[in-house]
2 protein chains.
Amino acid sequence: MTAEERHLRLYQEIRSRICLLDYPPGAKLGEEALAAEFGVSRTPVRRVLARLADEGLVAARHGVGTIVTDVDARELGQVYELRMELAQLAGWLSPLPITERVVTEAQDFVQRGAALAAAPAPRDFATLNMAFFDFGLGLCGNAALAEMSERLYYRTARIWLQTIPALDLAQEAAFFHDEMRQVATALEARDPRAAALIRRAHISMSYQRLAAA
Amino acid sequence: MTAEERHLRLYQEIRSRICLLDYPPGAKLGEEALAAEFGVSRTPVRRVLARLADEGLVAARHGVGTIVTDVDARELGQVYELRMELAQLAGWLSPLPITERVVTEAQDFVQRGAALAAAPAPRDFATLNMAFFDFGLGLCGNAALAEMSERLYYRTARIWLQTIPALDLAQEAAFFHDEMRQVATALEARDPRAAALIRRAHISMSYQRLAAA
DNA sequence: TGTGGCCGTGATGTACACAACATGCCGGCA
DNA sequence: TGCCGGCATGTTGTGTACATCACGGCCACA
């Protein structure tokens, strides 16, 4: 395994733990502890934590520790405002041709969404949401747009699991299932712009519910 | 001076050198050489190069060196497409109130633009362009949007100086001067959306001229 | 003379030791 | 009893030696 692959695995693993609240905001990510867990030295771990710090997910303070950051309301609103616009743009800037395989994947997501709605669990919800988001990135032919969208998504993804206790989990799962059904319908019609508009609408509604809670 | 400040200075300095072609695409950035120049060890330098690698400005290859990347035509087009949209969004998503000081700064940029048009020089051109871009970032109240715009700008900024020999330098300086005049006029009218639309228009026209060369 | 393998050289990647720093505790003193 | 200062402890930041890797030149051999 090459160095870059190791870095990517470590990065995605720790990022995932932050977004799934295995490391909640305020948690201390000890470099030594992580190094021991993954069987490497502090150096590659610091490389990953530096990247997470650049992306705003953690903050390293000398003599104290590397702390998972919190998401304040102002930042959250700004990120969602921008995410809405980018989600729509994904349907207009170089959308990739919708292949049969893409449609099949979308239908598979609908089924997984149905299973989630039947037995909702916060962690499964968040995991499926991340997977569906990654699927959406694959439909975007503009690499820069996909990169920015991913960066923004993961920047605030963790507040979702933080807010779930104040929301109706079953209703949220139903909304999510509906979103996937509508997106799948748009993709079956080979209409990337419709899919993008649906995504934008659901991001908007999701934020409204988040902000109200 | 704190560690983060040192990092930021080093980062901005090296990024500037890349965008001003002091380090042209293909150039090797030796960690040891940079460390010696700035009077530090390889460690902080590697921290900076890692960030530049994450942003796509350089590529570190084990056993070879850290190389300044080139910008291919497809990436350039996608980045400009997205930058146009973001430039317009800056006028709509939380634009900051336009103070008297902002107007004064804009008028100062117009004067500097006039001086540049009177005696055009590629490097001065690029430097003023970067300064004017940073000024524009300060008008955007959406921190996420400003961050993404900056990232995208610096990602392809170097192709400008690369393409200048194939363009009409005096004409480009005149275009740039016009852009600053129009933006200043919009800001004097306290109309951030007009300023944003002007920025978008000039990004679009600038790309058309770049792509034709 | 052409070619293939070996090795020197220099680069980035990793590990580790030490410096710099923040925090909390504990004891002395007013 | 309250407060203040020093110190122990643990953390991130830095420096440095070594491991790993790629490239290019050189030499042996066919």
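Everything numeric in this text was worked out from a predicted model, so none of it was measured. Chain letters run A, B, ... following the sequence lines, proteins first and then strands; every chain starts at 1.
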Report the distance from atom CD of Glu5(A) to atom P of dG13(C), rounded to the nearest whole Å.
14 Å
Rounded to the nearest Å, what distance is computed from the CD1 atom of residue Ile67(B) to the P atom of nucleotide dC23(D)?
11 Å
Is a donor on one side and an acceptor on the other found under 3.5 Å between the side chain of Gln78(A) and the backbone of Ala143(B)?
yes
Can a donor-acceptor pair be found, under 3.5 Å and without considering hydrogens, that links the side chain of Ser16(A) to the backbone of Gln12(A)?
no
Could you run through nucleotides 10-16 of chain D and give me one letter per nucleotide, 5' to 3': B if any protein heavy atom sits under 4.0 Å from the base, S if only the sugar-phosphate is that close, - if neither?
BBBBBBB
Quick one: do Glu150(B) and Arg15(B) make a salt bridge, cutoff under 4.0 Å?
yes
Between Arg83(B) and Tyr153(B), is NZ or CZ placed under 6.0 angstrom from the six-membered ring centre and within 45° of the ring axis?
no
Thr69(B) and Arg158(B): side-chain hydrogen bond (donor to acceptor under 3.5 Å, both in side chains), yes or no, with the steps?
CA-CA 10 Å; Thr69(B) 57; Arg158(B) 62 213 128 117; 3.2 Å; yes
